[in-house]
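All heavy atoms count here, side chains included; hydrogens, waters and symmetry mates do not. A note on names: the letters A, B, ... follow the listed sequences, proteins ahead of strands, and every chain is numbered from 1.
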Amino acid sequence: MDVRYQPQSVEEKWQRRWREADTFAVGEDASRPKYYVLEMFPYPSGRIHMGHVRNYTIGDVVARYKRMRGFNVLHPMGWDAFGMPAENAAIQHGVHPSKWTRENIAYMKGQLQRMGFSYDWSRELATCDPSYYRWEQWLFLKMLEQDLVYRRETAVNWCDTCQTVLANEQVEQGACWRCGDVVVEKELPGWFFRITRYADELLDWTDRLPGWPPQVLTMQRNWIGKSVGAEVAFPLDGRDGEIRVFTTRPDTLYGVTFMSLAAEHPLVPELVRGTGREAEVLAFVDRVRRQDKAERTADDYEKEGVFTGAYCVNQLTGERVPIYVANFVLMEYGTGAVMAVPAHDQRDFEFARRYDLPVTVVIEPDGGSLDPAAMTEAYVAPGRMVRSGPFDGLPNRDGIERVIAYLEERGFGKRAVHYRLRDWGISRQRYWGAPIPVIHCPACGVVPVPEADLPVVLPEDVAFPEGRVLPLAEIPEFYETSCPRCTGPARRETDTMDTFVESSWYFARYACADFQAGMLDRARTEYWMPVDQYIGGIEHAVLHLLYSRFYTKVLRDLGLVAVDEPFTNLLTQGMVCMETQRCPEHGWLLPDEVADGACTRCGAPAEAGRVEKMSKSKKNVVDPEGLVARYGADTARLFSLFAAPPEKDLEWSEEGVEGAYRFLRRVWRLVADHRDWLPGTEPFAGGAPDGPARDLRRKVHDTIRRVTADIEERFHFNTAIAAAMELLNALAGFSPADEPGRQAFREGVEALLKVLHPMVPHITEELWEILGEQTPLADTPWPGWDEAALVRDEITVVVQVNGKVRGRVQVPAGADGGAVRAVAEADPNVARHLEGKTVVKAVYVPGRLLNLVVR
RNA sequence: GCGAGAGUGGCGGAACUGGCAGACGCACUGGACUUAGGAUCCAGCGGGUGACACCGUGGGGGUUCGAGUCCCCCCUCUCGCACCA
């Protein structure tokens with residue numbers, strides 16, 4: 001063997017072996033328990049970054065560990081291949097999105113393979129392949145049949161110059177991020193998934209996902225935002241019609257003093273007609289509607305409104321209620337109208353004070369009273385109802401139910417539930433996405449594309465004009481078609497689907513990626529689903545994870561999968577961070593633009609900034625490829641795992657990487673230094689050695705126990721590695737003097753390689769082979785520990801006097817409290833602290849600690 | 001504002017149900033081997049002291065024989081949501 005550790009050649013050798021032997025290809029096997037571990041698939045942006053390295057290393061350790069534990073492990077990888085960066089590349093560099101994407105995939109696949117991840121590459125999929133999205137289109141048709149998809153007009157951000165819809169994140173201060181032109185709100189028809197039909201189920205199951213981080217579940221609950229209350233009708237005064245409001249506080253209905261409508265409320269133009277206030281109100285409405293979202297949700301957005309001149313009637317009191325238009329009322333939530341109770345709602349209170357509107361108190365604290373004129377804020381705490389007709393004196397909590405019943409009896413309103421969750425708009429006026437499979441016929445209306453005609457293939461053989469991509473709406477060869485129903489001329493839908501749709505079911509497709517006869521092969525998805533362990537970034541806490549849960553329930557209801565939830569356990573790993581460096585002259589600096597604390601270009605001292613998430617814009621990035629070229633994949637993996645537990649942020653450090661590399665070199669040398677006899681020595685197998693060999697064996701078995709617990713119970717690889725480092729230190733300091741010693745040493749080396757293998761698979765396989773083993777570590781069972789080897793004859797007990805450590809004593813392992821105390825009191829230092837005092841109490845924690853309480 | 005999480009040596013981080021605070025690594029210091037070393041090995045490394053004592057887990061209080069860990073109040077930071085009626 002080479003006495004020097006050469007990661008490059010070792011890693012290439014084992015990567016080749018795994019590839020040639022199809023080591024990680026799996027099929028269904030009813031005789032073994034399955035384990036499905038999945039990392040969120042990447043967008044093929046061009047190169048992998050450290051976030052990928054970390055995410056995929058964590059997943060790989062889990063996969064390899066479970067494999068050694070005897071599970072039939074599914075560990076697939078693929079590409080979230082549709083999306084805007086491909087179109088931007090086309091605009092900027094004139095490369096076709098398809099070519100750009102496929103080249104990126106090829107390159108990144110090479111990078112992932114170079115990391116030594118144990119993927120079953122035979123299941124690889126790319127969402128931009130028609131063989132993938134054809135099933136997404138098929139499902140769209142099924143959902144259409146179930147009325148889970150519908151089409152409606154919706155307001156979108158539109159850039160006239162670029163002729164496209166922009167996502168909210170692409171609107172910067174009301175202007176297009178690309179051309180800087182003003183973005184306008186535009187009503188456009190679009191397709192929606194009826195996720196709200198599953199709102200209750202999605203919410204209920206958040207209580208049945210114990211394997212998910214609580215904060216993710218909380219975020220999802222907030223996102224769904226269920227509120228229970230009542231819908232109440234307020235008839236218009238002096239004319240037909242009514243305003244319906246949703247309220248969670250029916251107990252405050254007697255305190256309504258005005259009504260607030262959203263600027264977008266359809267009743268507004270009608271209400272103001274002929275009131276003489278028309279011009280003023282419509283000007284206000286226009287002004288509010290023109291403000292962009294950022295402005296309307298800003299911190300300091302002032303509550304403003306205007307009186308319409310119209311009134312409605314509170315049917316509980318018979319009072320006339322003035323109707324206002326207010327800028328803080330949202331059309332998208334509830335009914336777009338809010339009954340205002342200034343005494344008990346802070347926003348209404350502020351509004352009432354500003355426009356000098358009456359405040360009527362209808363809830364008072366027990367034993368107290370409130371003076372509307374003296375109030376400086378709304379009273380929102382519980383209390384008893386007053387000025388509320390038949391409900392006076394009732395605790396307001398009970399009042400909620402009673403008022404609802406009263407409203408229902410009289411037909412004034414009804415119990416109602418509202419959600420913050422909206423239906424999922426999936427239409428994108430984009431080129432690089434999955435076409436929506438419907439046809440618009442002037443005679444028949446919207447006609448689904450017949451199943452037999454799927455997939456509706458995205459035309460890839462098109463030439464783009466300079467500087468922009470071509471939406472499908474500008475490609476006649478695509479959209480000109482005939483109606484499947486009446487055969488007359490018709491137009492294809494030119495919207496493509498949101499890319500979140502592809503990522504909402506890829507995990508199920510991995511179970512049967514080659515299935516041609518349908519979307520999912522029921523037998524195989526039943527074997528593999530659900531995903532036992534899903535791993536990815538916290539940034540997907542709501543959207544991707546909520547959409548995937550929704551889609552899983554749709555697939556279940558269509559009989560395609562048998563599970564209610566896609567991911568049993570979820571691990572959200574922290575970000576990879578690094579210190580930023582800045583030069584007064586040249587701005588942010590890359591790590592290698594700094595030498596000895598100075599900018600390499602001008603020599604000015606570099607200012608160290610805060611530790612932040614690695615990002616290209618701040619230049620605090622380390623390229624995995626350079627790292628692997630210099631240290632090898634095992635070092636990159638080891639450091640990613642060692643620097644922090646997976647759920648926490650990881651601070652990158654060059655010195656830390658050096659440390660990881662140094663450790664692997666020591667492991668290598670441990671075998672190299674003893675290569676003349678190690679291969680010919682059997683591991684220790686029975687009997688009880690004495691002295692150093694026995695101590696070494698105890699360390700070996702204790703390490704196995706600790707590493708197993710750290711991985712099994714909480715994926716704390718950092719402490720698992722620390723334990724392995726301790727074992728290495730013990731082995732390196734051990735001189736095998738006799739045959740039992742050599743056998744114990746060999747046993748220890750084997751254990752070290754086994755427990756490290758999931759984390760650093762290449763070096764451990766190589767050293768394992770050098771030991772003379774025939775079966776690769778990948779196919780070797782995870783080691784168990786021998787309780788007998790852990791047994792000690794003598795133990796150390798800490799002795800405290802009044803809670804302070806005053807000594808430690810050696811006692812026989814089975815010694816009882818009395819015996820320990822006798823030994824302890826004989827200890828000179830302990831005796832010194834007991835002198836002249838009386839022991840009033842002795843607390844003995846068996847095998848660990850004795851505390852003598854003295855006075 | 002609301003919700004969640006976190007504050008431990010010079011640094012990253014350990015300490016499972018209250019029981020030796022600082023495992024492991026980095027950095028640093030001293031030494032050995034060396035033509036040399038940024039390789040390797042040995043030793044040291046919270047503050048304090050000559051050595052003890054003593055002080056130390058953001059701050060203050062409490063429970064307990066014993067608190068980084070449990071309870072109350074406060075401070076700081078990070079993340080998420082933010083007019084949701």
Side-chain angles (χ1 to χ4, degrees), chain A residues 4 213-219 221-223 225-227 229 245-249 252 260 262 296-299 301-303 326-330 332-341 345-348 350-351 418-421 538-539 541-542 574-575 577 579 611 638-639 642-645 647-660 662-663 665-666 669 706 709-710 713-714 716 718-729 732-733 796-808 829 832 839-854:
Chain A
R4 285 185 50 213
Q215 75 268 28
V216 173
L217 295 172
T218 304
M219 283 163 76
R221 284 184 203 115
N222 291 343
W223 189 265
K226 180 178 184 172
S227 26
V245 301
F246 173 69
T247 179
T248 55
R249 297 291 306 274
T252 63
S260 307
R296 285 180 76 171
T297 55
D299 253 353
Y301 191 61
E302 212 157 319
K303 289 175 183 45
N327 63 357
F328 63 87
V329 179
L330 306 173
E332 310 91 78
Y333 185 78
T335 60
V338 182
M339 60 177 222
V341 186
D345 180 282
Q346 188 57 26
R347 286 158 310 179
D348 296 344
E350 287 168 28
F351 194 87
H418 278 259
Y419 299 90
R420 208 184 77 110
L421 181 70
I538 186 79
E539 66 272 20
V542 177
M575 297 181 299
C577 301
E579 190 174 67
V611 174
L638 187 70
F639 178 73
F642 182 60
E647 68 279 4
K648 289 187 47 172
D649 286 352
L650 180 154
E651 188 181 331
W652 197 265
S653 120
E654 188 60 30
E655 293 78 22
V657 175
E658 284 283 350
R662 193 174 307 147
F663 170 70
R665 276 198 318 244
R666 290 184 67 205
R669 230 179 32 241
R706 282 169 62 190
D710 284 342
E713 286 162 25
R714 35 179 210 165
H716 275 204
N718 56 332
T719 50
I721 291 166
M725 285 173 166
E726 285 185 45
L727 176 57
L728 172 69
N729 292 342
T796 305
V797 172
V798 170
V799 184
Q800 296 183 336
V801 178
N802 281 352
K804 290 184 194 290
V805 179
R806 297 303 181 189
R808 23 186 76 93
N829 196 47
R832 196 160 63 82
V839 176
V840 292
K841 189 171 177 181
V843 181
Y844 181 57
V845 182
R848 309 193 69 164
L849 175 142
L850 174 70
N851 188 13
L852 299 171
V853 185
V854 300

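- Contacts of R806(A) with the nucleic acid, taken as non-hydrogen atoms under 4.0 Å apart, involve only primed sugar atoms and P, OP1 or OP2.
- R4(A) has no side-chain polar atom (N or O) that falls below the 4.0 Å cut-off from OP1 or OP2 of A39(B).
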N/O-N/O pairs, protein side and nucleotides 24-29 of chain B side, under 3.5 Å:
unit_1: G25(B); atom_1: OP1; unit_2: N729(A); atom_2: ND2; d: 3.3
unit_1: C26(B); atom_1: OP1; unit_2: R662(A); atom_2: NH1; d: 2.4

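- Across all non-hydrogen atoms, the minimal contact from V329(A) to A262(A) is O-CB, 3.4 Å.
- For R669(A), a side-chain nitrogen or oxygen approaches OP1 or OP2 of C41(B) to under 4.0 Å.
- The two residues M575(A) and D649(A) come nearest to each other via the heavy atoms N-OD1, 2.9 Å.
- Taking 4.0 angstrom as the limit, N851(A) places none of its side-chain polar atoms (N or O) nearer than this to OP1 or OP2 of G19(B).
- Ring to ring, F328(A) and F351(A) are close: their centroids are under 6.0 angstrom apart.
- Distances shorter than 4.0 Å separate some side-chain N or O of R665(A) from OP1 or OP2 on U40(B).
- Going from the C1' atom of U69(B) to that of U78(B) covers 22 Å, rounded to whole Å.
- Taking 4.0 angstrom as the limit, K804(A) places a side-chain polar atom (N or O) nearer than this to OP1 or OP2 of C55(B).
- As judged by a 4.0 angstrom heavy-atom cut-off over every strand, Q346(A) is placed among residues making no nucleic acid contact.
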Please report, to 0.1 Å, the donor-acceptor pairs under 3.5 Å made by any side chain of residues 842-854 of chain A, with sequence neighbours excluded.
unit_1: Y844(A); atom_1: OH; unit_2: G847(A); atom_2: N; d: 3.1
unit_1: N851(A); atom_1: OD1; unit_2: G803(A); atom_2: N; d: 3.0

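- When all heavy atoms are compared, the tightest approach of M339(A) to V245(A) is N-CG1, 3.8 Å.
- Atoms CE (M219(A)) and P (G5(B)) sit 13 Å apart, rounded to a whole Å.
- The strand RNA chain B forms stems, runs of 3 or more Watson-Crick or G-U wobble pairs with distances below 3.5 Å, at B:1-7 with B:75-81, B:10-12 with B:24-26, B:28-32 with B:40-44, B:58-62 with B:70-74.
- The heavy-atom pair separating F642(A) from I721(A) by the smallest distance is CD1-CG2, 3.6 Å.
- Within the nucleic acid shown, P645(A) comes within 4.0 Å of sugar-phosphate atoms alone, with no base atom in reach, counting heavy atoms only.
- For the pair T719(A) and A15(B), the criterion of a side-chain N or O lying under 4.0 Å from OP1 or OP2 is not met.
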